[in-house]
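Structure first, commentary second.
Reminder, nothing fancy here: chain letters follow the sequence lines and each chain counts from 1. If you're wondering where the values come from, they're calculated on a predicted model, not measured in any experiment.
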Protein chains: 2
Amino acid sequence: MTQPQINNWQAIQNEVLRRIHAREWPPGQVIPNEVDLAAEFGCARATMNRALRALADAGMLERRRKAGTRVALHPVSRATLDIPVIRQEIEDRGLKYSYNLIARNTATPLASLGPAQKALHVTALHCANAAPYAYEDRWINLSTLPEAANQPFTVINANEWLLMHAPFTHGDIRFSCMAVPAAHAKRLGTTPGTPVFVTQRTTWDHARTITSVRLIFAPGYSIHTTIGSPPLAD
Amino acid sequence: MTQPQINNWQAIQNEVLRRIHAREWPPGQVIPNEVDLAAEFGCARATMNRALRALADAGMLERRRKAGTRVALHPVSRATLDIPVIRQEIEDRGLKYSYNLIARNTATPLASLGPAQKALHVTALHCANAAPYAYEDRWINLSTLPEAANQPFTVINANEWLLMHAPFTHGDIRFSCMAVPAAHAKRLGTTPGTPVFVTQRTTWDHARTITSVRLIFAPGYSIHTTIGSPPLAD
DNA sequence: GAGTGGTCTAGACCACGGT
DNA sequence: CCGTGGTCTAGACCACTCG
């Protein structure tokens with residue numbers, strides 16, 4: 001009996017996933033090459049390639065020329081994490097977003113932006129329904145973005161201005177936690193020493209640093225994401 | 001002399017990125033359709049499709065049939081996050097991994113696994129160079145995985161056993177922080193109330209819950225990731 | 001050296017969804 | 001309706017890398 005005709009690459013992907021799950025192709029095992037699989041599934045090699053490449057991107061397979069394709073030893077958990085714009089994050093929860101600039105001045109940053117350059121230092125508070133949501137401490141590189149010096153950042157927040165005027169090519173994010181410093185506790189509506197979630201993000205335009213920002217979230221904040229896809233028609 | 005390949009999809013992708021970046025195609029603008037772009041770049045439509053689809057996957061473009069392709073309004077920051085196996089995470093830092101089972105018993109879980117089912121409750125400590133690294137509190141669904149009842153989990157840790165014997169189809173992760181409870185402070189080599197990073201993860205095999213685990217990391221832990229790709233040959 | 005995946009092509013049909 | 005992206009095909013050449 002031949003396999004039921006499966007034409008699309010996603011169906012082929014599902015079948016490959018099934019074999020991996022069912023241990024027909026256990027972790028570490030080399031699976032047949034694209035040509036043979038394409039023949040088995042009755043599809044073109046390009047279609048087979050698409051299915052296998054997608055699985056490799058997802059971390060389920062490891063592919064190397066000449067060596068072939070093998071099932072990943074540790075079916076890696078790879079999650080895609082959307083870094084939200086704070087305003088959207090708040091409004092998506094049906095809350096009213098507001099923003100308050102705390103301070104804005106020019107200074108020489110510590111180290112976050114690399115070698116001593118002139119930078120704009122902006123601190124602000126993001127609120128949801130008037131309650132503190134996150135404290136922002138940001139450095140903007142004035143060598144890269146001299147026009148930022150003319151921006152007050154009183155109404156338009158720095159993040160949104162930057163998104164509109166200085167898209168980045170790549171970035172770097174770190175998630176951690178700390179005890180909220182006494183200086184910020186009151187602003188965040190909590191008491192010194194309370195554990196708070198912190199994200200530290202730096203973005204570049206090619207080789208130039210654009211901005212480096214630290215967000216300290218009010219207590220209770222968490223990030224949520226998923227691995228793999230929810231149960232489809234399985 | 002060898003011209004750099006101008007006809008591969010990555011080069012085309014880079015050129016499209018350049019135009020977005022240079023505001024030749026500002027946010028929200030509809031860009032030409034695949035056929036026209038393929039003609040302009042002198043490539044096949046499939047190649048153009050590959051380049052544009054990759055950018056859409058990365059969140060830079062939004063594509064809809066008939067409506068066409070437009071530059072994303074908020075060049076979304078989409079990071080891919082690799083959820084590491086703890087042993088690897090530790091060994092990758094050149095440290096020696098060790099594992100200590102704290103407790104193991106059968107009970108009815110609270111809610112993490114869904115409606116009351118019999119489950120195995122395992123608590124353990126992961127160490128790096130003999131120093132506490134993370135405290136693990138795990139429930140394993142015995143309805144889905146009855147064979148887990150025969151596993152002592154004294155030498156092989158639960159995560160690795162599960163990876164080998166019960167691959168998941170999808171999962172759900174939450175990152176947060178909290179003050180370390182008095183009951184765990186000593187185990188983690190710290191004092192009660194210290195801020196600690198917490199991950200809560202649940203995994204499924206199709207519709208069945210496999211396991212739900214909470215990891216409390218020793219102070220100082222952070223997660224690092226990147227957005228976009230580091231500066232290539234630009 | 002030779003086998004494998006990576007990519008490109010030219011053409012085709014289809015599915016979705018604005019108009 | 002009909003333009004747009006989504007996908008498939010059959011064939012081809014290339015680049016990497018293992019043995």
Side-chain angles (χ1 to χ4, degrees), chain A residues 2-17 19-20 25 27-73 76 229 232-233, chain B residues 1-17 19-20 25 28-73 76 229 232-233:
Chain A
T2 53
Q3 306 280 346
Q5 262 292 1
I6 307 176
N7 295 15
N8 58 56
W9 70 270
Q10 292 188 3
I12 291 176
Q13 191 189 41
N14 284 340
E15 169 59 13
V16 172
L17 268 178
R19 294 186 186 185
I20 294 173
W25 291 339
Q29 180 157 116
V30 174
I31 73 176
N33 68 39
E34 291 188 346
V35 176
D36 292 348
L37 284 175
E40 178 189 340
F41 286 113
C43 67
R45 190 190 144 215
T47 305
M48 203 62 227
N49 180 279
R50 174 93 188 256
L52 296 180
R53 187 158 39 75
L55 287 171
D57 288 344
M60 294 298 303
L61 297 176
E62 293 173 357
R63 318 194 73 191
R64 268 168 19 225
R65 287 163 149 117
K66 168 70 178 183
T69 300
R70 65 178 55 210
V71 179
L73 276 175
V76 178
S229 41
L232 314 169
Chain B
M1 79 165 74
T2 50
Q3 287 285 352
Q5 278 282 15
I6 56 169
N7 256 7
N8 58 58
W9 70 270
Q10 293 188 11
I12 292 175
Q13 189 188 42
N14 283 340
E15 169 59 14
V16 172
L17 267 178
R19 294 183 186 186
I20 293 173
W25 291 340
Q29 180 158 117
V30 174
I31 73 176
N33 68 38
E34 290 187 346
V35 176
D36 292 348
L37 283 175
E40 178 191 339
F41 285 112
C43 67
R45 191 188 145 219
T47 305
M48 203 62 226
N49 180 278
R50 173 94 189 254
L52 296 180
R53 187 160 37 76
L55 287 172
D57 287 345
M60 294 297 301
L61 297 175
E62 293 173 357
R63 317 195 74 190
R64 268 165 21 220
R65 287 163 149 121
K66 169 70 179 181
T69 301
R70 65 178 54 210
V71 179
L73 277 176
V76 178
S229 40
L232 313 169

For the CD1 atom of B/Ile12 and the CG atom of B/Leu17, what is their distance to the nearest 0.5 Å?
12.5 Å
Could you list the residues that satisfy salt bridge (Lys or Arg N to Asp or Glu O under 4.0 Å) with B/Glu15, not counting sequence neighbours?
B/Arg18, B/Arg19
Taking atom CG of B/Leu55 and atom CD1 of B/Ile20, what is their separation to the nearest 0.5 Å?
6.0 Å
With rounding to the nearest 0.5 Å, note down the distance linking CE in A/Met48 to CG in A/Asp36.
10.5 Å
Out of C/dG5, D/dG3, C/dA10, which has the shortest distance to the side chain of B/Lys66?
D/dG3
Touch class at under 4.0 angstrom, heavy-atom based, for B/Ala46 against every strand present:
base
In whole angstrom, what separates B/Arg50's CZ from C/dG6's P?
9 Å
Out of D/dT9, C/dC16, C/dA10, minimum distance to the side chain of B/Arg65 belongs to C/dC16
My understanding is that only residues two or more places apart in sequence, or in another chain, count here; which of them pass salt bridge (Lys or Arg N to Asp or Glu O under 4.0 Å) with B/Arg53?
none
Of the candidates C/dT4, D/dG3, C/dG18, the side chain of A/Asn33 sits closest to C/dT4
Once you apply a heavy-atom cut-off of 4.0 Å, does A/Arg45 come out as touching a base, just sugar-phosphate, or nothing?
base
In whole Å, I'd like the distance from the CG atom of A/Asn8 to the C1' atom of C/dC14.
12 Å
So how far off straight is the helix from C/dG1-D/dC18 to C/dG18-D/dC1, going by the axes through five pairs at either end, to 10°?
20°
Figure out the CG/C1' separation between A/Asp36 and C/dG3, and round it to whole Å.
11 Å
Can you tell me the distance, in whole Å, between the CE atom of A/Met48 and the P atom of C/dG6?
12 Å
Indicate yes or no: at least one non-hydrogen side-chain atom of A/Leu37 is less than 4.5 angstrom from one of A/Thr69.
no
Between CZ of A/Arg63 and C1' of C/dT4 the distance, given in whole Å, is 9 Å
Look at the side-chain N and O atoms of A/Asn49 and state whether any lies under 4.0 Å from the OP1 or OP2 oxygen of C/dG5.
no
Taking only side-chain nitrogens and oxygens of B/Thr47, does any of them come within less than 4.0 Å of OP1 or OP2 of C/dT7?
no
Quickly work out the A/Glu34 CD to D/dA10 C1' distance and round it to whole Å.
15 Å
Return the value, rounded to whole Å, for the distance between atom CZ of B/Phe41 and atom C1' of C/dT9.
17 Å
Side chain of B/Trp9 - closest among D/dG5, C/dC8, D/dT7:
C/dC8
Mind calculating the distance between CZ (B/Arg64) and P (C/dA15) to the nearest angstrom?
20 Å
Examine D/dT4: is either OP1 or OP2 under 4.0 Å from a nitrogen or oxygen in the side chain of B/Thr69? Give yes or no.
no
Could you measure the distance from the OG1 atom of B/Thr47 to the CG atom of B/Leu52? Nearest 0.5 Å is fine.
11.0 Å
